[in-house]
Amino acid sequence: MKDHDFTVKEMQKDVDQYISQFKEGYFKPLTMLARMTEELGELSREINHHYGEKPKKNTEDASTIEEELGDLLFVLTCFANEQGISLEDAHHKVMNKFRTRDKDRWTKKEDH
């Protein structure tokens, strides 16, 4: 259910409010890296079921690419929060890098 579009900052705050209700808090960085790897594997498996040559078994749960991306995004957000990293700032930095360092790397469309 979608109330409104979250900003990235709001998303980080939402995740932090959720995690903050538990005594355990955020997992340690290595544990979260393992969790991200696990979630990336689940996303990869789902992509392979949809676009690859390996269909799901009848006994496998129905999952969607959207769900798996959501799981990965949640763990990534937890990791950023635990590290005190603003994902908005990280996004701006990486986009600046691509717009400068890689500005002529790819063939641009005519209408841009």
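Every value quoted in this text rests on a predicted model; they were computed, and no experiment measured them.
- Within 6.0 Å of CZ in F27 there are 12 or fewer heavy atoms belonging to other residues, nucleotides or ligands.
- E88 places a side-chain N or O within donor-acceptor distance of the main-chain N or O of K9, the cut-off being under 3.5 Å.
- E42 and E68 make their closest contact through OE1-OE1, 3.2 Å (heavy atoms, listed as atom of the first residue, atom of the second, distance).
- Put simply, L76 and Y26 are part of the same group of oily side chains (I, L, V, M, F, W, Y) that touch within less than 4.5 Å, one to the next.
- With values rounded to the nearest 0.5 angstrom, K93 atom NZ is found 8.5 Å from S86 atom OG.
- Under the 3.5 Å distance criterion, the side-chain polar atoms of E82 are left unmatched by any main-chain donor or acceptor of G25.
- Linking ILVMFWY residues whenever their side-chain heavy atoms come closer than 4.5 Å, directly or via other members, leaves L87 and M95 in distinct clusters.
- Every pair tested for side-chain hydrogen bond (donor to acceptor under 3.5 Å, both in side chains) that includes a residue from residues 95-105 fails, sequence neighbours excluded, so the list is empty.
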Step-by-step side chain to side chain contact (heavy atoms under 4.5 Å, CB included) determination, I19 to N81: CA-CA 10 Å; I19 295 296; N81 285 354; over 6 Å; no
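- Counting heavy atoms from C-beta outward, Q17 and Q21 have side chains that stay 4.5 Å or more apart.
- Across L69, V75, T77, a single residue satisfies side chain to side chain contact (heavy atoms under 4.5 Å, CB included) together with L73, and that is T77.
- Under the 4.5 Å side-chain heavy-atom criterion for Ile, Leu, Val, Met, Phe, Trp and Tyr, Y18 and M36 are members of the same hydrophobic cluster.
- Residues V8 and H91 fail the side-chain proximity criterion, which asks for heavy atoms closer than 4.5 Å.
- In the hydrophobic clustering of ILVMFWY residues, with side-chain heavy atoms under 4.5 Å counting as a link, L72 and L30 come out apart.
- The local environment of CZ in F22 is crowded, with over 12 non-hydrogen atoms from other residues, nucleotides or ligands closer than 6.0 Å.
- Atoms CD and OG1, on E38 and T31 in that order, are 11.5 Å from each other to the nearest 0.5 Å.
- For the pair E46 and I65, the tightest heavy-atom approach, listed with the atom from each and the gap, is CG-N, 3.7 Å.
- Taken to the nearest 0.5 Å, the CE atom of M11 stands 12.0 Å off from the CG atom of D5.
- Closest heavy-atom contact between P29 and Q83: CG-NE2, 3.5 Å.
- Annotation for E66: atom CD does not count as buried by contact number, only 12 or fewer foreign heavy atoms lying within 6.0 Å.
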